[in-house]
2 protein chains.
Amino acid sequence: MLNNYNSEDKVLLSVDCIIFGFDNEGLKILLIKRGFEPEKGKWSLMGGFLKKDESLNKAAIRVLNFYTGLQDIYMEQFYAYSEVDRDPVERTISVAYYALINIENHNAELIKNYEAQWFSISKMPKLIFDHNEMVSHAMRRLRYRTSTKPVGFELLPEKFTMRQLLELYEAILDKKLDKRNFISKINSLDILVKLNEKDMLSSRKGSYLYKFDKEKYDAKLLNHFVLNL
Amino acid sequence: MLNNYNSEDKVLLSVDCIIFGFDNEGLKILLIKRGFEPEKGKWSLMGGFLKKDESLNKAAIRVLNFYTGLQDIYMEQFYAYSEVDRDPVERTISVAYYALINIENHNAELIKNYEAQWFSISKMPKLIFDHNEMVSHAMRRLRYRTSTKPVGFELLPEKFTMRQLLELYEAILDKKLDKRNFISKINSLDILVKLNEKDMLSSRKGSYLYKFDKEKYDAKLLNHFVLNL
DNA sequence: TTAATTAGTGTAGAATGAATACTTATTAGT
DNA sequence: ACTAATAAGTATTCATTCTACACTAATTAA
């Protein structure tokens with residue numbers, strides 16, 4: 001029985017985290033100004049190297065926490081990038097993760113301390129290496145995700161209006177949706193609770209607030225559906 | 001400007017290939033008897049280590065060729081497995097790929113020389129490490145794929161009957177489909193050409209042979225659809 | 001009181017999906 | 001030559017879902 005696979009090449013393995021958020025300005029992504037060479041000072045995804053004694057999932061969580069202080073964020077792995085010259089310094093394979101989080105809950109203070117910054121998807125700067133490609137793949141994945149799983153619990157405040165939910169979906173799918181059809185499709189998913197409370201900020205009439213029914217929402221997360229928006 | 005990221009851990013990175021095939025006995029998967037320790041002689045996916053100067057895609061192609069002689073097989077990356085103790089010998093992260101191929105075209109001779117063997121999905125042996133988990137994830141991916149992209153070109157002979165196509169889908173989805181509805185749904189995709197030729201082996205009456213319209217098929221590969229079977 | 005703003009709601013027609021059975025072509029066997 | 005056996009092949013109805021589309025309601029600021 002062997003103790004090791006001698007003579008095989010070893011490589012650096014990193015994780016990169018794509019964190020989506022949403023607020024009344026639209027869909028955003030969390031970036032950092034890279035603190036070390038090469039490309040120091042350029043905008044970048046939050047990334048770091050895998051350590052010998054941790055899984056990729058753990059590494060992704062650790063890296064995100066390091067840059068933002070964020071805890072307990074569930075990220076989903078989506079692709080390993082391995083072009084030989086993707087990192088000019090040294091051969092590095094990077095496994096990309098993405099997650100959705102609520103901007104307001106996740107305290108601007110922490111993010112400020114850590115120098116991470118939210119950017120509108122549409123105004124994202126050029127990023128280092130192949131990070132722009134990662135983001136666009138993650139966007140594609142997120143778009144796709146809306147058609148099989150509910151989205152929103154992670155991105156909206158606890159109480160939200162139908163309009164906010166509609167605008168979230170429009171931001172993700174990057175297209176206008178018909179309000180009436182949208183509402184009836186969302187209602188047919190049966191994951192919302194209509195509250196006896198109105199948001200009076202956005203209109204004279206005021207619009208009802210909703211929240212997600214956590215249990216039903218989580219159930220739908222497991223047993224996919226098909227939603228055609 | 002740095003020349004390297006010193007002090008970061010390096011790890012072994014491998015690829016594992018899940019090759020699906022189909023014949024009149026059903027859906028199959030290609031396995032090898034592992035030729036080295038540990039677990040020598042046990043059944044395993046075809047795998048190998050990433051070299052410093054190749055991408056993961058290239059490594060997957062190289063590994064598959066090494067074990068089977070197969071060339072020009074397009075494989076799709078689907079997940080990186082990274083549990084710390086997944087390989088008992090040494091820390092190894094493995095990136096899994098899958099592909100669909102035509103059993104008949106890909107010459108039994110080569111496969112014999114190389115000791116790879118087809119197994120029915122339903123009679124698959126216990127595999128080493130986390131390979132069974134990889135296979136079941138790949139199956140899930142394949143199942144899912146049938147609802148957004150055409151499947152079959154890669155798995156069926158050039159000319160095939162509706163029944164064969166139906167049985168392929170039944171094998172992948174692991175459920176009975178209604179023949180009449182299946183045919184009309186497949187026809188609505190507009191990717192088949194009905195030939196003026198019958199297969200007389202499976203019935204007295206004989207059943208028409210079809211082939212895929214390569215151009216339309218490839219177009220559908222790019223622009224997903226939704227197919228509810 | 002009026003004007004302005006956004007919320008909120010319904011329907012008809014079209015398209016798609018699901019469920020269901022009988023006829024046809026052919027050959028093997030008698 | 002006839003019959004039996006086998007799988008192929010084909011249509012329709014009903015239910016559901018999707019799409020397109022426009023007016024009324026509630027409220028407050030002026």
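Quick note on labels: first sequence line is chain A, next is B, and so on, each numbered from 1. Note that these values count all heavy atoms, side chains included, but never hydrogens, waters or copies made by symmetry.
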Problem set entry | Pairs flagged by salt bridge (Lys or Arg N to Asp or Glu O under 4.0 Å) wherever residues 146-169 of chain A is involved - sequence neighbours left out |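 Qualifying pairs: A:Arg145-A:Glu154, A:Lys159-A:Glu197, A:Arg163-A:Glu167.
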Write down the distance between [atom1] ([X]) and [atom2] ([N]), rounded to a whole number of angstrom.
| X | N | atom1 | atom2 | value |
| --- | --- | --- | --- | --- |
| B:Leu201 | D:dA7 | CG | C1' | 13 Å |
| A:Leu189 | D:dT17 | CG | P | 12 Å |
| B:Ile183 | C:dT20 | CD1 | P | 18 Å |
| A:Glu197 | C:dA7 | CD | C1' | 17 Å |
| A:Asn187 | D:dT17 | CG | C1' | 16 Å |
| B:Asn228 | D:dT16 | CG | P | 16 Å |
| A:Leu177 | D:dC18 | CG | P | 14 Å |
| B:Asn24 | D:dA7 | CG | P | 15 Å |

Exercise. 5'-most contact on DNA chain D: A:Leu229 or B:Tyr208, nearest heavy atom basis?
Worked result: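 Whichever sits nearer the 5' end wins; that is B:Tyr208.
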Exercise. What distance separates A:Asp72 CG from A:Asn65 CG, expressed to the nearest 0.5 Å?
Worked result: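 Spacing of CG (A:Asp72) from CG (A:Asn65) equals 9.0 Å.
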Problem set entry | Shortest side-chain distance from A:Arg163, nucleotide among C:dA7, D:dT19, C:dG17 |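 Nearest listed nucleotide: C:dA7.
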Exercise. Contact class for B:Thr161 (heavy atom, under 4.0 Å): base, sugar-phosphate, or nothing?
Worked result: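 The answer is nothing, as B:Thr161 stays clear of every strand by at least 4.0 Å.
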Exercise. B:Tyr169 and B:Phe182: aromatic ring centres closer than 6.0 Å?
Worked result: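 B:Tyr169 vs B:Phe182: aromatic centres under 6.0 Å.
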Exercise. Strictly under 6.0 Å, is that where the ring centroids of B:Phe212 and B:Phe160 end up?
Worked result: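 Between B:Phe160 and B:Phe212, which both carry aromatic rings, the centre distance is below 6.0 Å.
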Exercise. If you find the nucleotide of DNA chain C closest to B:Leu227 and the one closest to A:Ser207, which residue's nucleotide is nearer the 5' end?
Worked result: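 The answer here is A:Ser207.
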Problem set entry | Nucleotide-resolved protein contact map, nucleotides 20-30 of chain D, B/S/- at heavy-atom distance under 4.0 Å | BBB--BBBB--
For this session: Identify whether the distance between the nearest side-chain nitrogen and carboxylate oxygen of B:Lys42 and B:Glu39 falls below 4.0 Å.
Result: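 So B:Lys42 pairs with B:Glu39 through a salt bridge.
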Exercise. Is there a donor-acceptor contact under 3.5 Å linking the side chains of A:Asp199 and A:Thr161?
Worked result: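 Result is no, nothing qualifies.
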For this session: Please work out which of the three classes, parallel, tilted or perpendicular, describes the rings of B:His137 and B:Tyr81, given edges at 30° and 60°.
Result: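 Plane angle under 30°, so parallel.
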